[in-house]
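Since this is a predicted model, take the numbers as computed values, not measurements. All residue numbers in this chain count up from 1 along the given sequence.
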Amino acid sequence: MKKDHILVIRFSALGDTAMVVPIVYSLAEAYPDLRITVLSRPFARSLFENLHPNIFFMEADLKKEYKGIKGLNALYRRLSAKKFTAVADLHDVLRSEYLRLRFQFDYISKVRHIDKHREDKRHLMRSKNKILQQLPTSFDNYTEVFHKLGYNFKPHFTSLFPPGGGPLERLPQSISQRSQAGLWIGIAPFAAHQGKVYPIERMEEVIGMIARKYEHSSIFLFGRGEKEDETFARWCQRFAQCVHVASQLQSLDEELILMSHLQVLVSMDSANMHLASLTATPVVSVWGATHPYAGFLGWNQKSGNIVQLDLPCRPCSIYGNKPCLTGDFACMKQIPAEVIFSKIEENLKKFE
């Protein structure tokens with residue numbers, strides 16, 4: 001008898017793809033005889049490759065090898081050779097829609113796609129008569145796709161690593177041999193869009209508070225890019241506890257190991273929030289233009305660790321990419337540094 005083999009499609013950015021992990025893992029646990037292939041961009045391999053024995057990963061570079069219709073047709077030929085019995089489209093964009101339609105036309109009847117609740121999201125972010133209510137999370141939406149395919153399970157996932165965290169011996173000695181007698185605190189201050197970034201000078205105040213109160217702590221700065229390099233170099237000069245992670249670690253695998261050993265991470269609504277969530281690390285998340293009600297809070301993160309202001313203009317965007325309605329990003333600038341620091345303190349009490 002042929003074993004069921006399901007194709008799971010999610011091509012998006014790192015944060016959204018990371019949110020697939022707890023649900024696909026739960027599916028694999030509930031159905032150990034089901035073969036699961038996750039199709040995503042190359043960067044996602046670290047998240048899925050060793051996740052579960054019946055989960056497999058296929059990468060697709062949509063900007064080069066599989067660019068355009070010609071590329072998608074080549075990708076489909078490669079996929080169809082695997083004789084999938086079901087397709088779960090967790091992205092629902094033109095590329096994934098094209099692939100799933102080809103499967104439907106050719107030989108697969110069990111094809112389902114995500115409901116993104118776009119109308120509800122429009123009600124949440126419109127400037128007048130907002131409907132402020134919690135929408136289904138991305139985890140709910142992903143799970144629903146599998147339920148529609150006949151796979152019923154309750155999501156459960158703790159961490160990519162066993163209790164105690166990932167193997168520190170895989171990290172450079174400059175990090176692995178840092179004293180763990182002191183607290184390990186992460187700071188991920190950047191995001192893709194300005195509406196999701198806490199003012200850098202205010203975050204520097206937060207780091208100063210940490211450095212003064214927790215003299216023996218290590219403060220790990222997460223983020224890659226020119227702006228990050230410039231900012232982190234300045235902070236490392238000012239605060240001896242600071243470590244520029246990207247200058248020490250080369251891969252996502254290594255960053256995940258480090259995250260698994262943090263006592264707390266401060267992050268924007270960004271990929272780092274979701275990556276830390278996959279290592280069971282508490283995240284103090286700071287929200288501006290976007291809102292947890294849209295369903296993008298990290299896996300198993302507590303609402304008590306959310307930092308946000310109740311402003312009539314919030315939220316104004318689902319992804320943080322729209323111009324500020326008031327032009328001053330008050331949703332971020334009016335958050336006192338002390339509020340973020342107090343959330344950090346709350347999470348560190350049990351380690352003191």
Side-chain angles (χ1 to χ4, degrees), residues 12-19 91 93 116-141 186-206 221-228 231 265-277 283-299 301-344:
S12 56
L14 181 55
D16 292 316
T17 304
M19 295 181 81
H91 201 176
V93 292
K116 294 184 177 180
H117 301 275
R118 290 185 173 94
E119 187 63 24
D120 291 332
K121 288 176 179 176
R122 281 192 283 269
H123 293 163
L124 177 65
M125 66 180 179
R126 62 192 180 191
S127 57
K128 295 181 179 179
N129 302 316
K130 288 181 181 293
I131 301 178
L132 279 173
Q133 62 180 8
Q134 179 65 58
L135 303 183
T137 68
S138 291
F139 308 112
D140 296 328
N141 295 335
I187 305 287
F190 289 95
H193 306 290
Q194 187 178 356
K196 299 200 294 185
V197 177
Y198 188 61
I200 293 303
E201 63 276 10
R202 293 278 183 85
M203 188 59 77
E204 189 168 339
E205 292 178 30
V206 174
L221 308 174
F222 290 86
R224 294 177 182 270
E226 290 184 12
K227 188 178 294 185
E228 287 87 344
T231 302
L265 171 76
V266 179
S267 176
M268 308 300 103
D269 170 19
S270 69
N272 282 303
M273 171 180 65
H274 296 295
L275 295 175
S277 299
V283 178
V284 173
S285 54
V286 186
W287 300 72
T290 60
H291 199 291
Y293 276 178
F296 297 107
L297 184 64
W299 174 256
Q301 292 299 330
K302 297 178 180 178
S303 59
N305 277 333
I306 295 171
V307 177
Q308 61 182 338
L309 295 178
D310 184 14
L311 298 177
C313 56
R314 284 194 67 238
C316 64
S317 174
I318 296 300
Y319 304 109
N321 56 341
K322 292 188 175 181
C324 176
L325 295 174
T326 59
D328 59 357
F329 296 99
C331 57
M332 280 296 195
K333 290 183 178 178
Q334 291 183 14
I335 297 175
E338 291 79 7
V339 171
I340 297 175
F341 180 64
S342 69
K343 293 289 185 184
I344 298 171

Task: Residues Glu228, Leu221; criterion side-chain contact (heavy atoms from CB on, under 4.5 Å); working and verdict - done: CA-CA 9 Å; Glu228 287 87 344; Leu221 308 174; over 6 Å; no
Open item on the list: Measuring from atom CZ of Arg126 to atom NZ of Lys130, what distance do you get when rounded to the nearest 0.5 angstrom?
Closed with: 9.0 Å
TODO: Determine the minimum heavy-atom distance between Leu311 and Ala330, stating which atoms define it.
DONE: CD1-C, 4.0 Å
Open item on the list: If I compare all heavy atoms of Phe329 with all of Cys324, which pair ends up nearest, and what's the gap?
Closed with: N-SG, 3.3 Å
TODO: Evaluate whether atom CD of Gln134 has more than 12 neighbouring non-hydrogen atoms of other residues, nucleotides or ligands under 6.0 angstrom away.
DONE: yes
- [ ] Report yes if the side chains of Cys331 and Leu309 come closer than 4.5 Å at any heavy-atom pair, otherwise no.
- [x] no
Open item on the list: Please identify which of these residues, Leu124, Ile131, Asp120, meets the side-chain contact (heavy atoms from CB on, under 4.5 Å) condition with Tyr293.
Closed with: Leu124
Task: Distance (rounded to the nearest 0.5 Å) between His123 NE2 and Leu135 CG - done: 10.5 Å
- [ ] Measure from the side-chain N and O atoms of Lys196 to the backbone N and O of Ala191, and report whether any donor-acceptor pair falls under 3.5 Å.
- [x] no
Task: side-chain contact (heavy atoms from CB on, under 4.5 Å) assessment of Phe190 paired with Arg224 - done: CA-CA 9 Å; Phe190 289 95; Arg224 294 177 182 270; over 6 Å; no
Open item on the list: Treating Ser317 as the side-chain partner and Asn321 as the backbone partner, does any N or O pair qualify as donor plus acceptor under 3.5 Å?
Closed with: yes
Task: Glu226 atom CD, over 12 foreign heavy atoms within 6.0 Å - done: no
Task: Between OG1 on residue Thr17 and CG on residue Leu275, distance to nearest 0.5 Å - done: 10.0 Å
Task: Donor-acceptor contact below 3.5 Å, side chain Lys343 vs main chain Gly304 - done: yes
- [ ] Starting at NZ of Lys322, measure out to SG of Cys316 and round the result to the nearest 0.5 Å.
- [x] 8.0 Å
Task: Donor-acceptor contact below 3.5 Å, side chain Lys121 vs main chain Lys116 - done: yes
Task: Mutual orientation of the aromatic rings belonging to Phe296 and Tyr319 [parallel < 30°, tilted 30-60°, perpendicular > 60°] - done: tilted
Open item on the list: Counting C-beta onward and ignoring hydrogens, is there a side-chain heavy-atom pair between Ile344 and Val206 closer than 4.5 Å?
Closed with: yes
Open item on the list: For Asn272 and Ser267, which I'm curious about, is there any donor-acceptor pair between the side chains at under 3.5 Å?
Closed with: no
TODO: For Ser138 and Asn141, test the side chains for any donor-to-acceptor distance below 3.5 angstrom and give the result as yes or no.
DONE: no
Open item on the list: Can you give me the closest heavy-atom contact between Ala289 and Gly320, atom names plus distance?
Closed with: CB-CA, 4.3 Å
Open item on the list: On a heavy-atom basis, which atom in Leu265 and which in Ala188 lie closest, and how many Å separate them?
Closed with: CD1-N, 4.2 Å
TODO: Given side-chain contact (heavy atoms from CB on, under 4.5 Å), test Ser285 with Val307 step by step and report yes or no.
DONE: CA-CA 6 Å; Ser285 54; Val307 177; over 6 Å; no
- [ ] With side-chain contact (heavy atoms from CB on, under 4.5 Å) as the test, would you mind laying out the steps for Val286 and Gln308 before giving the verdict?
- [x] CA-CA 6 Å; Val286 186; Gln308 61 182 338; over 6 Å; no
TODO: Look up atom OG1 in Thr137 and atom NE2 in His117, then write down how far apart they are to the nearest 0.5 Å.
DONE: 9.0 Å
Open item on the list: With a 4.5 Å cut-off on side-chain heavy atoms, are Met203 and Val266 touching?
Closed with: yes
- [ ] Identify the heavy atoms of Ser277 and Gln301 that sit nearest to each other, and give their distance.
- [x] OG-NE2, 3.1 Å
TODO: Find out whether His274 and Trp299 are in side-chain contact, i.e. whether some heavy atom of one side chain is under 4.5 Å from a heavy atom of the other.
DONE: no
- [ ] Look at the side chain of Arg314 and the backbone N and O of Thr290, then say whether any donor-acceptor pair between them is shorter than 3.5 Å.
- [x] yes
- [ ] Scan side-chain atoms only and decide if Thr326 and Asp328 contain a donor-acceptor pair under the 3.5 Å cut-off.
- [x] yes
TODO: Please report the shortest heavy-atom distance between Leu132 and Pro315, naming the atom on each side.
DONE: CD2-CD, 3.9 Å
Open item on the list: If we check side-chain contact (heavy atoms from CB on, under 4.5 Å) with Ile335, which of these qualifies: Lys333, Met332, Glu338?
Closed with: Met332
